[in-house]
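Data first, discussion second: the structure below is written as structure tokens.
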Amino acid sequence: MSDYKFINREISWLQFNERVLREAEDSSVPLLEKLKFLAIFSSNLDEFFMIRVAGIYDQIDAKYSIKDASGHTPKELLGKISETAHRLVKDQQKIFRKTIKECAKHHIVIQPEIDGELSDIVDSIFNDEIQPLISPVTLSAANPFPFIYNLRQCIFVKLEKGGETHYSIIIIPENLQRVFKIRLHRTYCVTSEEIIARSLPQVYPGYTVVDSYMLRLTRNADLTVEEDEAQDLLKLIEKKLPSRKKGNVVRVELDKTAPDEVLKFLQAHIGFDNEDVYIVDKPLDLTFLFSVADSNPELLYPEHKPFVPYGLTADENIFDKLKERDYVFYRPYHDFGFNSALIRRAAQDDSVLAIKMTLYRANRGSSIVESLAEAARRGKQVCVVIELKARFDEERNVGWAKKLEDAGCIVTYGITGLKIHSKNLLIIRKEPQGIVRYSYLSTGNFNEATAKIYTDIDYITADEKVGQECSNLFNLLMGYTDYADWHRISVAPTGLKSKLLSLIDYEIENALAGKKAEMIVKINSLIDKELIMKLHDASRAGVKIEMIIRGICGMTAGVKGLTENISIRSIIGRFLEHPRIIYFYHGGKKRLFISTADWMERNMHSRVEQLFEITDSNAKDFMMTILSSNLKDNTKAWVLEGEIYRKLKPEAGEAHHNTQEFFIGKQIGH
Amino acid sequence: MKNGLFATINIGASAFRMQISEFNDGHERIMETLVKPLGLGKDTFTKGYITLDSVYKATNILQMFRHKLDEYGIKKNYKCVCTSGVREARNRYFLIDHVMNKTGLKLEIIDPSDEIYIKYIGVKNDIKGFESYEKKGVLFANISSGNVSINILKDDTSIFSGSLPYGSLRLRQLFKGIPIHSRYKAYNQYVETMFNTINSSLGGASKIKYLVCSGSSVNTLQFIFNPKVNYFHRTELEELYERVKDKTSQENMTALGIRISEAKVLVPMLETYLRLMQFVGTDKVQFSRKSFPNVLTRYYSNNIRDNGFRNRLRNTLYYLGRRYNFDEPHSKVVTDYSVQIFDALGDLHNLGMNERMLLEAAAILHDIGYYIDARMHHEHSYYIAKAFDMPGLDQEQIKIIAFLVLMHRVGTDESTETRLSYLNMETQLTIRKLVSILRIADALDTSHMQLVETVDVDVQSSKIIIKARTRKHAYLEKLGFDQKKDMFLETFGIPVELEMKVLYE
Amino acid sequence: MLGNGINIAVVDIGSNTVRLQVSQVKDKSYRVLEEYKESVRLGDEVFEYGMITEAALNRLLVSLKEVRAIIDNWKVHQVRAVATASFRGASNYSEVIQKVTDVCGFGVEMISGEEEARYTFIAASANFQISKYHALVLDIGGGSAEYSVVNKGRLEKAHSVELGCNRLTKKFIKSDPVTNTEYQTLKDFLVKEVRKLKLPRTIDLLICTGGSMGNLSTIHYLACGQRADRTVKYLERKHLKKLINDIRNKTIAERIQIPGMEEKRADIILAAAMQVDAVLEETDGEGLYTLSGGLRSGLTIDTINKMGFELPFQSNMDNVRHSRLIEIGNKFSFEERHARQVTKLARKLFDGLHTELGLDKADWAVLEAASLLHDIGNYISYSSHHKHSQYLIMNSDLMGYSHDEIITIGNIARYHRKSPPRQSHRYFRMMTGDGQRKIAAMSAVLRAADGLDRSHKSLVRDLEVLVKPKKIEIKLISDHNLSLEKKKFEMKKDLLEEISGKELIIL
């Protein structure tokens with residue numbers, strides 16, 4: 001192990017979130033987009049605490065003190081995380097202050113002084129919208145400290161009555177809108193907690209309001225399902241949902257103005273460590289900036305028009321077209337609407353026998369779900385494999401799963417113990433020459449909403465061999481079979497990682513033999529130890545490795561004797577880089593794969609993921625175009641130097657290349 | 001059915017398998033291959049019946065398979081066959097009924113010999129030049145959980161065919177109580193006894209050249225060795241054997257990455273393989289990569305065939321005859337005459353090639369019972385014929401052959417008629433037609449001296465005349481014919497007459 | 001036993017043929033390894049010229065050299081060559097014997113007609129339950145015929161008369177085909193000669209040995225479509241008469257066409273047949289048995305006796321049955337070693353348990369038969385072989401067993417594996433209650449014994465049965481690892497425990 005070096009995934013993740021945050025100060029980013037990055041940073045961090053940090057707490061509670069691969073005990077790690085997170089939150093505050101000043105110049109006032117005309121409006125908002133919803137709890141022997149739900153903002157109020165100090169808590173109701181935009185000659189954005197805070201005397205008649213402080217708790221929210229008992233996953237998750245709100249506290253965000261005694265009081269009643277406390281300026285929880293960001297389209301990225309390539313239309317001849325060649329789509333530059341239309345067409349086509357699909361996160365009002373239900377009503381066999389354990393989406397998932405079942409679809413919930421991450425659609429059609437299977441493999445979810453933000457590859461082919469393997473995959477997911485043969489597709493957890501390792505080994509062999517050996521890997525995370533070690537070996541053997549890793553990266557880059565032949569970059573842009581594309585020189589064979597799997601242990605071992613080899617030469621060229629454009633990016637790319645990321649800037653005289661901008665509106669894909 | 005979609009479900013002792021294929025002018029496209037492990041065999045071989053829990057699990061799996069049929073709109077073009085795991089269970093009809101009620105799938109139990117035969121045909125159609133193996137000598141073994149089925153062919157003759165209770169799971173269950181480090185020795189001793197049986201049955205050395213195996217064990221070995229070629233070499237099997245023989249199933253499972261069910265039977269299975277190689281005297285076990293469901297699918301959709309089957313059947317029957325010291329020249333001429341008369345009377349009997357083959361078989365075997373005793377030799381012939389086992393001949397066909405040899409002799413008693421009456425009318429009629437012909441043919445060599453040189457069948461509107469030319473006066477034949485011709489008239493409603501002419505006159 | 005496994009050879013130089021039989025002495029019995037036969041026809045010249053001519057000697061030596069080669073090949077421990085009538089009638093026999101000794105390295109005993117008769121008698125005893133009959137054993141050779149009268153197993157008298165068929169043919173038959181006159185003359189002569197022997201009227205069994213009669217029965221068996229390769233065949237007198245009539249009207253060339261006719265006997269066979277017919281006429285017999293290889297088997301047995309031991313049947317008539325069982329076993333290619341081992345173990349168990357199981361000592365006879373034959377059904381097919389065994393047992397002539405006993409044997413064999421006796425089984429239901437009980441008890445013993453030789457390797461050398469009040473202990477004696485045997489015994493002992501009502505424990 002000493003020959004290898006790993007970077008801790010939490011630390012690496014925080015670095016990633018920092019890169020997100022830094023977008024908010026990139027001068028090339030439109031102003032309101034900066035607000036979005038600030039919001040993303042916050043929402044990312046919330047999730048990080050709820051799950052990752054909570055996980056470290058679990059380890060400590062379990063008296064687990066073995067060092068991880070990067071050499072940290074859980075306790076040490078927690079310290080490091082706290083330190084980094086505190087620094088980042090401080091930076092975020094700074095950037096936020098700076099950004100809202102700029103916004104003010106563009107007549108968008110966030111956190112305005114409330115006076116004059118504004119104060120009347122705010123008062124009436126309080127009276128009409130807010131007051132009926134809130135119920136303050138004033139602490140006393142009869143009223144103990146209430147349970148504060150995860151991520152719920154509270155106002156902690158210090159009162160006085162008859163010379164006695166009282167504390168009271170207002171938990172801001174979930175159904176209360178977070179921000180009110182008041183359009184006068186400028187747009188004022190006021191948060192609900194601010195409105196409440198200034199109206200406190202109204203809330204506590206007969207008391208003197210001494211002061212009030214914002215408070216927000218983050219709790220352990222990792223949803224662990226007892227796999228063995230998962231007889232009926234659906235029922236289990238429904239039961240489990242309420243309990244998620246009751247986890248241990250892992251972070252406390254508290255108003256900067258709160259005095260020590262308040263902190264002590266809270267600590268005594270809630271129970272948390274000092275290092276979990278994040279003292280922040282108001283407002284807490286910047287995710288509300290998402291809803292501010294639509295205030296002026298001109299301050300956003302100019303709208304881009306996705307288009308349907310190849311002159312395809314989902315009309316009655318579409319299946320003949322699909323048989324002619326393989327098609328590769330690149331969202332969001334290509335219009336995902338075609339894909340939804342294709343499913344709709346399949347639902348209506350008389351020759352279609354069956355439709356099978358994996359659904360991970362469906363958007364609300366998904367047309368895909370509608371199409372599937374319709375197909376089932378028309379007597380086609382529709383099989384939907386639903387992944388219920390996608391974090392935080394459970395409630396939504398359960399709802400439409402029932403809807404599909406009611407329509408007569410065969411709905412299954414995957415394999416106990418394995419999350420289903422592969423994204424497949426299979427249309428089986430009876431044609432005069434025989435059965436034809438149309439396979440659709442994707443790196444992204446069949447989600448019409450996220451398709452606009454995430455970049456992803458969709459691949460459609462009528463290739464029989466691929467059809468067979470897609471069919472295998474569905475059979476596996478639906479429990480129709482336990483074994484299958486794979487050639488074009490490798491599937492985790494059984495064969496994906498070994499396939500990757502053997503492909504890397506092949507490069508190593510060639511490198512050692514003095515032959516050309518190179519690989520380009522575009523993924524979102526790299527943390528799998530075995531793969532990292534293999535990459536170290538490859539680097540030492542002289543394989544040229546270029547990696548584009550958006551998020552967590554557990555490996556150093558360019559370190560002599562370790563990773564000197566490895567370059568790693570991360571691209572953070574307006575779209576979330578999401579496809580996994582992997583290229584191997586393979587002795588001149590140039591093999592190309594798209595995949596759903598990040599290179600993390602959990603993806604390799606406890607999820608159903610796929611790695612699909614593209615053999616069509618046009619499609620391979622397309623993938624290479626994406627990879628080389630990514631590698632050329634000098635405006636949105638960060639390079640990893642050792643353990644530190646550095647943002648690239650065009651050298652003097654060098655042309656700017658922004659890979660995402662490059663693809664917008666570009667007629668690629670032939 | 002030749003073109004279109006065809007599905008096969010195979011319920012084995014350790015797994016349920018399904019395959020759907022699309023056939024187009026002899027070209028097969030495998031659409032689906034499904035495998036669901038469920039150890040019905042474990043229930044059956046240890047308890048004698050399938051537990052309720054397993055029945056429900058089986059039904060669930062079949063419900064899923066039913067979905068697959070629906071997916072392709074397959075209504076009738078499927079076969080759902082059960083092998084030993086169901087076949088040997090006391091409550092098999094309960095399972096069949098339960099599945100029928102819950103899924104609408106009709107399960108059929110397949111005879112062991114049919115099962116092996118289908119596998120055999122699969123291998124035969126897959127291995128190039130297999131037909132020459134049948135000449136040079138090949139041992140085909142199917143090692144399953146319950147039984148080891150062995151079929152030895154040589155000179156286009158099936159010289160041994162049998163299902164022996166030495167399946168890997170059976171062995172494993174048998175020696176459960178013996179400590180792991182010495183269990184392999186018990187397997188070793190036990191498997192050896194299997195070869196005693198084969199040897200005593202073969203009655204002397206027959207040189208065999210090739211060893212071909214099938215069964216789920218082949219899959220396990222393929223997984224372990226991942227061979228590029230279609231055979232395993234002795235040395236690799238021996239090495240593996242040494243490595244695993246005294247380890248626990250858990251250890252072997254982990255070390256080899258195989259399923260626990262496979263690991264459990266690995267050692268007895270390897271033992272069997274190695275002993276088979278020793279027996280044949282070869283270093284190679286050949287196999288086919290075609291799965292059983294695939295073979296079933298192709299077989300039931302009439303997309304594979306057994307070239308040379310009739311020839312092999314004929315050879316095998318003569319081989320059997322020699323084993324029982326039959327009068328070969330007599331059997332030969334009776335066979336010739338039977339077939340000749342059968343062919344000449346096509347319009348009269350309306351029977352097909354299958355019946356012709358059965359007649360030929362019966363003609364070869366009709367006197368075989370003499371070996372047991374001359375008295376009641378027809379009964380003995382019947383008994384031996386009933387026990388005849390050759391892959392490719394089903395129980396129904398064997399039954400007909402047995403009845404033909406039983407009835408070839410005039411003066412069969414009441415019990416013959418009683419036994420015959422259990423068969424359905426159509427079969428009875430077929431038997432009567434064929435017996436009528438066989439009797440005439442047998443009569444033409446009553447003396448067993450092959451006095452008749454040539455036979456002509458003259459079909460006239462009111463009678464059939466058999467014109468025989470003989471080397472000398474054949475008094476016995478004339479006598480025999482008069483005794484044996486009555487049934488012909490009863491069956492066909494037309495008399496048959498013998499016209500004999502001595503050649504030298 | 002001493003001499004176990006050694007090979008012996010007997011050579012019979014007859015008037016017509018030289019025959020060799022190589023046997024291996026084994027377990028109080030012997031097994032024929034190889035047989036050889038060459039037609040030399042010394043008799044032709046001897047009976048004409050009174051001596052063995054140069055040409056005849058050469059033919060003899062050619063044949064005996066081949067005999068020598070075969071003997072060497074088998075590493076024979078003892079060679080016994082005997083010459084019969086042809087030498088006895090040759091004036092130069094001692095020179096011939098010297099010549100043979102010089103060339104072939106073994107001497108030739110010239111034996112008397114009485115000795116010939118005795119050997120034939122020994123052979124007949126091994127094949128027939130001669131103790132029950134008043135039998136005539138007739139050996140028709142080329143030069144002489146040996147008549148032995150055996151009364152209830154005891155040799156009453158023996159005659160050697162010059163009625164060999166070569167001799168008779170030479171003397172009486174000159175034409176081809178035989179003229180009526182020649183035939184009638186020979187017939188009258190034979191009737192007269194036979195009458196001279198004053199054979200007892202009470203003779204109820206005629207056993208013929210010698211090649212010519214053997215050939216005659218073979219011809220008959222073939223004619224009616226039966227297997228002719230049996231040691232013992234039966235020929236009814238009416239068939240004999242029919243054969244005689246057939247043959248007498250044919251030329252020798254035509255006779256050769258008869259299926260089964262040995263070419264070199266075609267001329268002399270008539271005389272042999274006519275002699276036997278004359279004997280049947282005299283004794284009022286309805287038919288005859290032929291016994292092939294009589295002289296040679298007798299010689300072999302005698303040779304073994306001379307080595308210092310008797311074969312079982314010679315002291316105990318029960319073992320005639322036993323040899324017949326072995327013969328049937330061999331016919332169906334049984335695994336003799338396993339069969340004998342199972343029988344041995346069954347015997348031990350039977351001896352130790354028969355009172356426990358309510359069996360009589362005499363029941364051993366049927367259990368023995370079932371033990372020896374339990375696996376013969378394998379000949380038909382392995383699957384259901386226990387049922388096939390039953391079928392074959394019930395349809396093979398087990399000599400010396402009654403009808404009921406044969407059904408019992410069949411049942412015991414049938415229950416040696418798979419299901420225990422059930423009322424629904426036809427042949428079991430046929431038996432009386434007590435018969436059923438005994439079948440169950442004996443099949444239980446057989447099962448256990450079979451289990452104890454599961455490896456078919458005779459690993460259990462011996463066993464002891466200890467009957468205790470609540471259990472039966474079985475102590476196995478062996479130099480080998482018996483795990484398989486013990487395992488199988490555990491699985492097969494259930495029936496035995498059920499019937500004895502005691503727990504069975506292997507020690």
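Lettering of chains follows the sequences in order, A, B, ..., and the numbering in each one begins at 1. Small disclaimer: the values here were computed from a predicted structure and weren't measured.
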Is B:E192 in contact with chain C via its backbone, its side chain, both, or neither, using a 4.5 Å heavy-atom distance? side chain
Charged N to carboxylate O under 4.0 angstrom, B:E328 versus B:K332? yes
Under-4.0 Å salt bridge between C:E498 and C:K492: no
Chain C heavy atoms under 4.5 Å from B:F388: which part of the residue, side chain, backbone, both or neither? neither
Contacting region of B:D389 [heavy-atom separation from chain C under 4.5 Å]: neither
Any salt bridge linking B:R170 with B:E88? Criterion: basic side-chain nitrogen under 4.0 Å from a carboxylate oxygen. yes
Of all of C:K487, C:K457, C:E335, C:H456, which one pairs up most often with chain B through heavy atoms under 4.5 Å apart? C:K487
Max heavy-atom pairs within cutoff under 4.5 Å with chain B, candidates C:P259, C:S384, C:S383, C:S381, goes to C:P259
Show the numbers, then the answer: is there a side-chain hydrogen bond (donor to acceptor under 3.5 Å, both in side chains) between B:H408 and B:D367? CA-CA 9 Å; B:H408 86 271; B:D367 273 350; 3.3 Å; yes
Side chain, backbone, both or neither: which part of C:E485 has a non-hydrogen atom closer than 4.5 Å to chain B? side chain
Which atoms of B:L320 are under 4.5 Å from chain C, going by heavy atoms: the side chain, the backbone, both sets, or neither? neither
What part of C:D375 lies closer than 4.5 angstrom to a heavy atom of chain B: side chain, backbone, both or neither? neither
Once side chain to side chain contact (heavy atoms under 4.5 Å, CB included) is applied, do any residues pair with C:K418, and if so which ones, sequence neighbours excluded? C:H386
C:E286/C:R237 ion pair, N-O < 4.0 Å: no
Structural part of C:H388 lying under 4.5 Å from a heavy atom of chain B: both
Could you have a look at B:L164, B:I178, B:T446 and say which one has the most heavy-atom pairs with chain C under 4.5 angstrom? B:L164
Report the residues that fulfil ring pair (Phe, Tyr, Trp, His ring centres under 6.0 Å) with B:F195, sequence neighbours left out, ordered by chain and then residue number. B:F279
Please determine which of B:K386, B:E379, B:H366 meets the side-chain contact (heavy atoms from CB on, under 4.5 Å) test together with B:L406. B:E379
Examine whether an atom of C:K387 lies under 4.5 Å from a heavy atom of chain B, and if so say whether it belongs to the side chain, the backbone or both; otherwise answer neither. both
